Every structure is written in C-alpha cells, then in structure tokens.
> 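Sending over a structure as structure tokens; questions will come in a sec.
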Amino acid sequence: MDITVGQIVDGKITGITKFGAFVDLGQGVTGLIRISEIADIYVKDINDFLKEKDPVKAKVISIDDNGKIALSLKQAKAKSLHRNLPSPATFEDKLAKFMKDSNEKLVALKRHQEGKKGR
C-alpha cells in the first residue's frame, strides 16, 4: 500500500488513548490521529467524537523516517467542504449587503424610537 502525504485515506479506529486515536489503514498499516487533529473545536475527550471500530476518512499530514503516519480528520473534512463552497463574494457584493443590512437596522431603530415618543 503506497501512502503519500496529502492523500485522503479510509480506515477504522482500532484504539483510543488520551492523546489520540489509532487507525488501521489496511494491510498492516496503522496511523495516528492526534487529539488536536480530530475537530476544529476543543476536544477534551476523544470518546465524545470517536469510538473503536468507527470508519473514518483522514488526511495523511506526515510520515516520519520510522514510517509513522500522522493523520488529520479536521483537514480531511476541510478539504471536502471546500469543494462545495460557492465562489467568494467580491468586495462590492459584501459592501452592498452591509449597506442593505445597515439601512434595514436604521429603519427598525427609527420606528422603535418613534413608537416610544408617541406614548
């Protein structure tokens, strides 16, 4: 099995420790997802996110000289999310949206203040 850095691989969780989760990548190859690479939010307990025998898709982030494979769930998710994102809005689009929202808020504020004066 040829594994390269940057590749998205399928695996199955085989063990969970305080510092990460071990993943069987098949053909006797094992990788490690460190606790910091599990989610974009703070992970206090890995068991809240993963269970043994869970199937996972992870990105290979490094392979050291001893052949140890470091994996990342959050980077694999980020890559798949980018494919579905619309193209970024231009500055003019963002400015127009801001102006529209701002005007709507000003109108609502004026109505609210006028309502207080009439009491």
Side-chain angles (χ1 to χ4, degrees):
M1 176 179 219
D2 235 3
I3 296 178
T4 58
V5 174
Q7 180 181 0
I8 303 293
V9 293
D10 291 314
K12 187 174 281 193
I13 303 294
T14 58
I16 295 177
T17 65
K18 290 181 180 180
F19 58 86
F22 290 95
V23 180
D24 178 20
L25 302 174
Q27 299 179 358
V29 179
T30 302
L32 173 68
I33 305 169
R34 293 207 171 272
I35 192 168
S36 61
E37 292 295 328
I38 289 179
D40 288 325
I41 60 173
Y42 176 73
V43 177
K44 183 174 183 177
D45 184 6
I46 296 171
N47 292 299
D48 293 339
F49 294 84
L50 298 171
K51 303 287 182 238
E52 283 193 33
K53 299 182 183 176
D54 278 354
V56 293
K57 275 193 183 296
K59 181 178 180 180
V60 178
I61 55 175
S62 70
I63 303 173
D64 72 6
D65 295 336
N66 297 326
K68 292 183 180 178
I69 300 170
L71 303 169
S72 172
L73 288 181
K74 68 181 183 181
Q75 290 184 33
K77 289 178 186 174
K79 186 174 182 178
S80 65
L81 289 176
H82 287 302
R83 285 188 225 135
N84 299 329
L85 291 177
S87 59
T90 64
F91 174 76
E92 289 79 13
D93 294 339
K94 291 178 182 178
L95 181 61
K97 182 180 180 326
F98 172 79
M99 293 299 294
K100 179 181 176 233
D101 292 346
S102 179
N103 285 334
E104 289 173 357
K105 288 178 183 178
L106 282 172
V107 168
L109 180 62
K110 286 180 183 177
R111 283 187 194 143
H112 180 71
Q113 288 176 342
E114 289 172 1
K116 282 186 173 182
K117 290 180 184 177
R119 291 183 188 173

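Everything quoted here is computed from the prediction, not taken from an experiment.
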> Kindly compute the distance separating CD1 (Ile16) from NZ (Lys51), expressed to the nearest 0.5 Å.
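Rounded to the nearest 0.5 Å, the CD1-NZ separation comes out at 6.5 Å.
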
> Working to the nearest 0.5 Å, report the span between CG of Leu106 and CZ of Arg111.
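Rounded to the nearest 0.5 Å, the CG-CZ separation comes out at 11.5 Å.
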
> Could you tell me whether Asp101 and Lys97 have a side-chain N and a carboxylate O separated by less than 4.0 Å?
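Between Lys97 and Asp101 there is a salt bridge, with a charged N closer than 4.0 Å to a carboxylate O.
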
> Would you check if the side chain of Lys18 reaches a backbone N or O of Ile35 as a donor-acceptor pair within less than 3.5 Å?
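No.
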
> Roughly how far, to the nearest 0.5 Å, is the NE2 atom of His112 from the NZ atom of Lys110?
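These two atoms lie 15.0 Å from each other.
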
> Same cluster or not: Ile3 versus Val5, using hydrophobic residues (I, L, V, M, F, W, Y) connected whenever any side-chain heavy atoms lie under 4.5 Å apart?
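Yes.
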
> Tell me, do Asp54 and Phe49 make a side-chain contact under 4.5 Å, heavy atoms counted?
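Contact flag for Asp54/Phe49 side chains = no.
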
> Rounded to the nearest 0.5 Å, what's the gap from CD1 on Ile38 to NZ on Lys77? Could you check?
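Answer for the CD1-NZ pair, Ile38 versus Lys77, is 9.5 Å.
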
> With rounding to the nearest 0.5 Å, note down the distance linking CG in Leu32 to OG1 in Thr14.
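Rounded to the nearest 0.5 Å, the CG-OG1 separation comes out at 9.5 Å.
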
> Return the minimal non-hydrogen interatomic distance between Ala76 and Lys57, and the atom names on each side.
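So the two residues come closest at CB-O, 3.7 Å.
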
> Indicate yes or no: at least one non-hydrogen side-chain atom of Thr4 is less than 4.5 angstrom from one of Val60.
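Thr4 does not reach Val60 side chain to side chain.
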
> Testing Leu71, Leu25, Val23 one by one against Val56 for a side chain to side chain contact (heavy atoms under 4.5 Å, CB included), which residue passes?
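In the set Leu71, Leu25, Val23, the residue that makes a side chain to side chain contact (heavy atoms under 4.5 Å, CB included) with Val56 is Val23.
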
> Out of curiosity, Lys68 NZ to Ser62 OG, how far, rounded to the nearest 0.5 Å?
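Answer for the NZ-OG pair, Lys68 versus Ser62, is 11.0 Å.
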
> Does the side chain of Val43 reach to within under 4.5 Å of the side chain of Asp48, using non-hydrogen atoms?
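Sidechains of Asp48 and Val43: no contact.
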
> In a check of side chain to side chain contact (heavy atoms under 4.5 Å, CB included) between Ile13 and each of Leu50, Asp24, Ile46, which one passes?
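Option passing the side chain to side chain contact (heavy atoms under 4.5 Å, CB included) with Ile13: Leu50.
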
> Given the rule that I, L, V, M, F, W and Y join up when any side-chain heavy atoms are under 4.5 Å apart, are Met99 and Phe91 in one cluster?
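The answer is yes; both residues are in one hydrophobic cluster.
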
> Does a side-chain N-to-carboxylate-O contact under 4.0 Å join Lys100 and Glu104?
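So Lys100 pairs with Glu104 through a salt bridge.
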
> Answer yes if Ile61 and Ile8 sit in the same cluster of Ile, Leu, Val, Met, Phe, Trp and Tyr residues linked by side chain heavy atoms under 4.5 Å apart, and no otherwise.
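No; tracing contacts between hydrophobic side chains, which count when under 4.5 Å, never links both residues.
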
